[in-house]
Number of protein chains: 2
Amino acid sequence: MNIGQAASASGVTAKMIRYYESIGLIAAAVRTQAGYRVYSSEDIHALRFIKRARNMGFSMDEARELLALWRDKTRASADVKSFALKHVRELEAKIAELQAMAQTIKHLANNCHGDDRPDCPILADIADVTPQRKAANGNGKSKRGTQDHADCSCDDAAPAAPQKH
Amino acid sequence: MNIGQAASASGVTAKMIRYYESIGLIAAAVRTQAGYRVYSSEDIHALRFIKRARNMGFSMDEARELLALWRDKTRASADVKSFALKHVRELEAKIAELQAMAQTIKHLANNCHGDDRPDCPILADIADVTPQRKAANGNGKSKRGTQDHADCSCDDAAPAAPQKH
DNA sequence: GCTTGACCTTACCACGATGGGAAGCTGCAT
DNA sequence: ATGCAGCTTCCCATCGTGGTAAGGTCAAGC
């Protein structure tokens, strides 16, 4: 099997297969005399494994660890499970972060007329995080009987921080 | 105000301020004779605006658009609102994606003994997604949103697509 | 044979957003 | 005047993926 066939058999692009090889995620492929990479069905299996792990949101490094666990016939299932659950916690942390962002914006949008007037609490809030003012949006329409839950401008306090990488 | 002070006043690192300038997100700062950048409180305001937008998960390009809207005194609030809600939809799509991944893994973990025996359905599933389809996926292009989910071998598999990068 | 086109090879660039660091200049306080 | 903190520019790295260029290889058709 050449790399193109391996790619369509595994769902991993040829480009990525070479990349995985270059970073040592998979072993260097056997080559033909002409230098073409050759793949066995076992290789395809590993590629599909990696693809699946990536689809579940594991990073390449985590995929590497999973591969190692997979190949280690003596690993304890507890190890795999705790690894998996750790990843679940990370996913959930990210989910919470995104939800906080969405919540903040939805809240602001709720207070925005959305008509052709320029007055907009969304921009007002982004621009003026400082508490206190933001009273500007109170006029008319009054779909907001509720307190404006003043700290939707609670930026740093809120879990809506950008992730670094 | 020098860049360091602007950085601590805005919460954006000096490094990033220079970067924002280099990509045209903010105007080139005035310079002293010695070449030092000088910032006004208006500049700080813009920087804080950008920071807040980023905290809400807007990309730099989106932040750029928001800035433009902010500066355009005649924009319609409806424009801002639809922009914001579009972002909310994107956030929610991502959330759903992550939730599907977490769900898949949690489900697998539930079926894992988690003891010291090697037998583990988590790895078994990742390794053996159940053959059959998925190879094809026709000619490249395959946009991001395409299925190709993590199909958990158990019936309640959920769509867990990978995030772009 | 020879040409063509699909496939392979390596190598480099790009993204988005951020951090790190080097090498050199400036400003201020001792 | 010496030293140090802060500023400048420039380059590199990240992470995962795509693009592209320049060239080698293979199989099929003439």
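In the text below, chain A, chain B and the rest are named by the order of the sequence lines, each starting its count at 1.
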Touch class at under 4.0 angstrom, heavy-atom based, for A/Asn2 against every strand present: sugar-phosphate
Between C1' of C/dA11 and OH of A/Tyr19, the distance in whole Å: 16 Å
Listed nucleotide nearest any side-chain atom of B/Tyr20, set C/dT18, D/dG18, D/dC7: C/dT18
Separation of C/dT18 P from B/Ile23 CD1 (nearest whole Å): 9 Å
d(CD, A/Gln33; P, C/dT9) in whole Å: 15 Å
A/Glu62 vs A/Glu90, side chain to side chain contact (heavy atoms under 4.5 Å, CB included): CA-CA, chis, key distance, verdict: CA-CA 12 Å; A/Glu62 288 166 335; A/Glu90 289 165 1; 3.3 Å; yes
Sugar-phosphate only, base, or nothing, as touched by B/Met60 at under 4.0 Å among non-hydrogen atoms: sugar-phosphate
Atom-pair distance (CD1 on A/Ile50; C1' on D/dG16), nearest Å: 13 Å
Integer-rounded Å distance: C/dC7 P and A/Arg37 CZ: 17 Å
No-H, no-angle donor-acceptor pair, A/Lys15 side chain to D/dG16 base, under 3.5 Å: no
Gap between atoms CG and P, on B/Leu25 and C/dT18 respectively (whole Å): 10 Å
Short side-chain N/O contact from B/Arg64 to OP1 or OP2 of C/dG16, under 4.0 Å: no
Check against side chain to side chain contact (heavy atoms under 4.5 Å, CB included), B/Ile26 and B/Asp43: CA-CA 8 Å; B/Ile26 57 177; B/Asp43 295 326; over 6 Å; no
Parallel, tilted or perpendicular, as decided by the 30° and 60° cut-offs, for the rings of A/Trp70 and A/His45: perpendicular
Closest to the B/Thr13 side chain, choosing from D/dT17, C/dT9, C/dG19: C/dG19
A/Met101 CE to B/Asn55 CG distance, which is reported to the nearest 0.5 Å: 7.0 Å
Given DNA chain C, 5'-ward residue of the pair B/Ala34 and B/Phe58, judged by closest heavy atom: B/Phe58
Distance in angstrom units between B/Ile3 CD1 and D/dG6 P, rounded: 13 Å
Whole angstrom value for the distance that separates P of D/dT17 from CD1 of A/Ile17: 12 Å
Sugar-phosphate only, base, or nothing, as touched by B/Arg18 at under 4.0 Å among non-hydrogen atoms: base
Verdict with reasoning, A/Arg37 to A/Arg18, per side chain to side chain contact (heavy atoms under 4.5 Å, CB included): CA-CA 9 Å; A/Arg37 287 174 180 81; A/Arg18 294 192 196 98; 3.6 Å; yes
Touch class at under 4.0 angstrom, heavy-atom based, for A/Thr32 against every strand present: nothing
Distance-only donor-acceptor test (3.5 Å): side chain B/Tyr36, base D/dG6: yes
Sugar-phosphate, base or nothing in reach of B/Ser59, heavy atoms under 4.0 Å: sugar-phosphate
Selected nucleotide, minimal atom distance to A/Arg54 side chain, candidates D/dG16, D/dC7, C/dT10: D/dG16
